[in-house]
Amino acid sequence: HERGIRGDRRAELGGTCESVVLEQKPLLLNNVAATDPRYAELMLEHDFSSAVIAPLVKNKRAVGYLYCDRTNGAAAFNDADLLHLQVLGYIVGNLMEKFELLLFSHSLSQFDDVTNVLQYRPFIDQFAVELERAKIRDYEIGLLLLSADMFRSYVATYGVDDAHRL
């Protein structure tokens with residue numbers, strides 16, 4: 001089982017999950033009694049007797065946790081199980097970071113850094129999508145093209161604020 005935590009939900013965490021997230025401290029619980037306060041805090045949709053919880057670490061910061069439990073009768077977790085869950089937490093965090101970097105890289109390649117408008121190729125692709133949408137929904141579409149050959153020199157001469165107003 002896996003439960004994620006958003007930063008705005010940290011105040012709702014109990015002590016067990018809080019230590020995992022805020023202190024990046026993994027936790028191994030075996031033979032947990034139903035009367036244990038940690039049991040009520042961690043129980044999801046079924047009874048359990050053992051649980052492992054590891055922080056989900058992204059950019060050296062815990063952003064959530066991974067949780068796995070076992071029901072009564074199943075073998076208890078051991079240190080190797082906890083280590084495996086910790087490794088998964090780091091892998092998922094690294095994948096999240098990589099995905100954010102890919103999105104950022106993609107946006108950098110699509111937009112002009114000075115004007116913040118779409119580059120030619122992404123513009124053509126997006127215009128084709130909008131043109132098709134207009135055909136399907138039966139509405140007119142217009143296109144106004146302006147040549148801004150001297151825009152970079154305008155920015156250099158008059159500044160970014162004036163260029164934004166332009």
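Residues satisfying the side-chain hydrogen bond (donor to acceptor under 3.5 Å, both in side chains) test with Glu100, not counting sequence neighbours, are Lys58. For Gln119, there are no side-chain hydrogen bond (donor to acceptor under 3.5 Å, both in side chains) partners, not counting sequence neighbours.
One distance of note links CG of Asp69 with CZ of Phe77; it measures 6.5 Å at 0.5 Å rounding. Within the model, atoms CD of Gln110 and OG of Ser105 stand 10.0 Å from one another, a figure rounded to the nearest 0.5 Å. Rounding to the nearest 0.5 Å gives a distance of 5.0 Å between CG of Leu131 and NZ of Lys135. For the atom pair NZ of Lys25 and OG of Ser19, the computed distance is 5.0 Å after rounding to the nearest 0.5 Å. The structure places CG of Leu66 at 5.5 Å from CG of Leu56, a figure rounded to the nearest 0.5 Å. In this structure, the separation between CZ on Arg133 and CG on Asp138 is 15.0 Å, given to the nearest 0.5 Å.
Taking a 6.0 Å sphere around OH of Tyr139, one finds it holds more than 12 heavy atoms contributed by other residues, nucleotides or ligands.
Under the 4.5 Å side-chain contact rule for hydrophobic residues, Met96 and Phe99 do not share a cluster. When the side chains of ILVMFWY residues are joined at heavy-atom separations under 4.5 Å, either directly or via intervening members, Val57 and Val52 end up in two distinct hydrophobic clusters.
Heavy atoms only, all atoms of each residue included: Phe48 and Tyr39 are closest at O-CE1, 3.2 Å. In plain terms, the two heavy atoms of Ser49 and Thr71 that are nearest each other are OG-O, 3.4 Å. Counting all heavy atoms, side chain and backbone alike, Ala76 lies closest to Ser50 at CA-OG, 3.8 Å.
Between Tyr158 and Tyr154, the angle of the ring planes lies from 30° to 60°, which puts this pair in the tilted group.
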Name every donor-acceptor pair, under 3.5 Å, that has one atom in a side chain of residues 79-89 and the other anywhere in the protein, sequence neighbours excluded.
unit_1: Asp81; atom_1: OD2; unit_2: Asn78; atom_2: N; d: 3.0
unit_1: His84; atom_1: ND1; unit_2: Ala80; atom_2: O; d: 3.0

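Counting heavy atoms from C-beta outward, Phe111 and Leu118 have side chains that approach closer than 4.5 Å. The shortest side-chain heavy-atom distance between Val129 and Asp125 does not fall under the 4.5 Å cut-off.
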TODO: Any chance you could lay out the side chain to side chain contact (heavy atoms under 4.5 Å, CB included) test for Lys98 and Asn94, step after step, and finish with the verdict?
DONE: CA-CA 6 Å; Lys98 183 177 180 178; Asn94 283 333; over 6 Å; no
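Side-chain N or O atoms of Gln24 include one that pairs as donor or acceptor with a backbone N or O of Lys60 at under 3.5 Å. The backbone N or O of Arg38 lies less than 3.5 Å from a partner atom in the side chain of Asp36, making a donor-acceptor pair.
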